[in-house]
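Every value quoted in this text rests on a predicted model; they were computed, and no experiment measured them.
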Amino acid sequence: MILSYKIHTVTPYINWIYFFHAWGFQPRFAAIANIHGCDVCRASWLTTFPEEERSKASEAMQLFKEANRMLDLLDRDYEVKTLFKLYKANADGDNLIIEKEKDQFVTFPLLRQQTPKRDGSPFLCLSDFIRPLSSGIPDTIGAFASSIDADMEGLYEQDPYKHLLVQTLSDRLAEAATEKMHEYVRKEAWGYAKEENLGIADLLVEKYQGIRPAVGYPSLPDQSVNFLLDELLDMKQIGISLTENGAMYPHASVCGLMFSHPASEYFSVGKIGEDQLEDYTRRRGKSIEEMRKFLAANLQ
């Protein structure tokens, strides 16, 4: 299912902490996004900072004002598109077996934590949150992709400041559209959380049931699985293409999986050993050299 959003409808879902981080501001400066826009409220917000930080806070205030002005301009001509599908699926060891069409299956290999933990807690893999194949009962999994309009990538190329402003806002808009789409999926399309009633602040700190790890997240670090997601979703429907290395274009794009299990949680795969690299390479049907390139950050 494709959902297209006007920019003003996803702006409330923007996590401004990451926007300000991209501009070199610490999280506390992102609080300007929660302040009423009147001069009195803004002036009052400035006084909450020590004298030596007020110029930085003023910069953050100005940046936020210009970001919102840019969002208003972008809203006239552009939309953000999301795409999702729900599938029957089961876990088979560290693989997901996803039914793409009736009796047509895609094997989606995953990685498991391998570094010993001080507290002795289990080594997690995303497949742990899907019902095992041996149960004989199919579970459900979601796959998603979101992207900005590709034409936004070339805006203001002669104005470095505005170009960077659009770039950093584009990243946030793709994530914000994903947040809005995921809310719709939980409450309506999948419907496992029909009674959910969370404000934006709670959504942004993930107080809902389920997770949606994106490719590149610590629990789903292998960029090459973008090809598997493209096989499932046909991401060109919303204008996303993949390079030979699996990178997405437009750059402000995101894709991943959605899990509903009440105990599902985010985690970091961390470092893996040669044994798991070899096993994963076999399951992915790739060469060791190729997988070393994609998993360089996870290798001992």
Report task. Taking the side chain as every heavy atom from C-beta outward, state whether S219 and Q113 have any atom pair closer than 4.5 Å. Result -> no
Query - Cluster overlap L173 with M181, hydrophobic side-chain contacts below 4.5 Å - result: yes
**Report entry** Steps toward salt bridge (Lys or Arg N to Asp or Glu O under 4.0 Å) verdict (D149, K81)
**Finding:** CA-CA 8 Å; D149 187 317; K81 287 186 165 63; over 6 Å; no
Query raised in the report: About how many Å separate OH of Y280 and CG of N298, when rounded to the nearest 0.5 Å?
Result: 9.5 Å
Query raised in the report: Going through the checks in order, is the salt bridge (Lys or Arg N to Asp or Glu O under 4.0 Å) test met by K88 and E101?
Result: CA-CA 9 Å; K88 291 179 180 177; E101 309 283 350; over 6 Å; no
Requested in this report: Would you check if there is a donor-acceptor pair between the side chains of K162 and Q158 at a distance under 3.5 Å?
Outcome: no
Query raised in the report: Any ring-ring contact (aromatic ring centres under 6.0 Å, His included) pairs touching residues 144-166, not counting sequence neighbours?
Result: W23-Y161
Query raised in the report: Do E183 and Y13 meet the criterion of a side-chain donor-acceptor pair at a distance under 3.5 Å?
Result: yes
**Report entry** CA sep, side-chain torsions, deciding dist, call: R112, S127, side chain to side chain contact (heavy atoms under 4.5 Å, CB included)
**Finding:** CA-CA 9 Å; R112 183 172 294 278; S127 62; 3.9 Å; yes
Report summary line: In this structure, CG of N15 is separated from CZ of R172 (nearest 0.5 Å) by 6.5 Å
Report task. Answer yes if the side chains of T243 and N245 hold a donor-acceptor pair under 3.5 Å, and no otherwise. Result -> no
Query raised in the report: How many angstroms lie between atom OH of Y78 and atom CG of D151, to the nearest 0.5 angstrom?
Result: 5.5 Å
Report task. Tell me, with the steps shown, if L71 and H8 meet side chain to side chain contact (heavy atoms under 4.5 Å, CB included). Result -> CA-CA 8 Å; L71 287 168; H8 72 269; over 6 Å; no
Query raised in the report: Does some side-chain heavy atom of T107 sit less than 4.5 Å from a side-chain heavy atom of L96?
Result: no
Query - Taking every non-hydrogen atom, the tightest pair across L233 and L83 - result: O-CD2, 3.4 Å
Requested in this report: Report the C-alpha distance between E153 and I148 in whole Å, list the side-chain angles of each, state the deciding distance to 0.1 Å, and finish with yes or no for side chain to side chain contact (heavy atoms under 4.5 Å, CB included).
Outcome: CA-CA 9 Å; E153 298 243 318; I148 59 157; 4.0 Å; yes
Query raised in the report: When you look at CG of D39, are more than 12 heavy atoms from neighbouring residues, nucleotides or ligands closer to it than 6.0 Å?
Result: no
**Report entry** Exercise: identify the closest heavy-atom pair between A145 and M235
**Finding:** CB-SD, 3.6 Å
Requested in this report: Scan residues 222-241 for pairs that pass salt bridge (Lys or Arg N to Asp or Glu O under 4.0 Å), counting only residues two or more places apart or in two chains.
Outcome: D222-R284, D234-K236
Report task. Before giving the answer on side chain to side chain contact (heavy atoms under 4.5 Å, CB included), spell out for M291 and S224 the whole-Å C-alpha distance, their side-chain angles and the decisive distance to 0.1 Å. Result -> CA-CA 9 Å; M291 293 321 304; S224 79; 4.0 Å; yes
**Report entry** NZ (K207) with more than 12 external heavy atoms under 6.0 Å
**Finding:** no
Requested in this report: Identify whether the distance between the nearest side-chain nitrogen and carboxylate oxygen of D72 and R69 falls below 4.0 Å.
Outcome: no
Report task. Could you check if a side-chain atom of T140 sits within less than 4.5 angstrom of a side-chain atom of S260, using non-hydrogen atoms only? Result -> no
Query raised in the report: Are the aromatic rings of Y208 and H182 close, with centres under 6.0 Å apart?
Result: yes
**Report entry** 4.5 Å side-chain heavy-atom contact, D94 and R283
**Finding:** yes
Query - F25 six-ring centre to K56 NZ/CZ under 6.0 Å and within 45° of normal - result: yes
Query raised in the report: Just wondering, more than 12 heavy atoms not from K85 lying within 6.0 Å of its NZ?
Result: yes
Query raised in the report: With the threshold set at 4.0 Å, does a side-chain nitrogen-carboxylate oxygen contact exist between E51 and R54?
Result: yes
Query raised in the report: Has D275 got more than 12 heavy atoms of other residues, nucleotides or ligands less than 6.0 Å from its CG?
Result: yes
**Report entry** Inter-residue atom distance N90.CG - S134.OG, 0.5 Å rounding
**Finding:** 8.5 Å
Report summary line: In short, A60 meets I32 closest at the heavy-atom pair O-CG2, 4.3 Å
Query raised in the report: Are a donor atom and an acceptor atom from the side chains of S146 and T82 found within less than 3.5 Å of each other?
Result: no
Requested in this report: Applying side chain to side chain donor-acceptor pair (under 3.5 Å) between E196 and each of R186, Q209, K187, report the one that passes.
Outcome: R186
Query raised in the report: Which word best sums up how the rings of F129 and F259 line up, parallel for under 30°, tilted for 30 to 60°, or perpendicular for over 60°?
Result: perpendicular
Query raised in the report: Who pairs with L46 by side chain to side chain contact (heavy atoms under 4.5 Å, CB included), at least two apart in sequence or on another chain?
Result: A57, S58, M61
Query raised in the report: Got C125 and L111 here, is their nearest side-chain heavy-atom distance under 4.5 Å?
Result: no
**Report entry** Nearest-0.5 Å distance, CD1 of residue I272 to CG of residue L277
**Finding:** 5.5 Å
Requested in this report: Check the hydrophobic clustering (I, L, V, M, F, W, Y; side-chain heavy atoms under 4.5 Å; chains of links allowed) and say if V225 and F227 are grouped together.
Outcome: yes
Query raised in the report: Taking side chain as C-beta onward, heavy atoms only, is V10 less than 4.5 Å from I14?
Result: no
Query raised in the report: Between NZ of K271 and OG1 of T115, what distance do you get to the nearest 0.5 Å?
Result: 8.5 Å
Query raised in the report: Side-chain contact, heavy-atom cut-off 4.5 Å: Q167 with D171?
Result: no
Requested in this report: Check whether any side-chain heavy atom of F108 sits under 4.5 Å from a side-chain heavy atom of N95, and report yes or no.
Outcome: no
Requested in this report: Look at atom CZ of F105 and say whether more than 12 heavy atoms of other residues, nucleotides or ligands are closer to it than 6.0 Å.
Outcome: yes
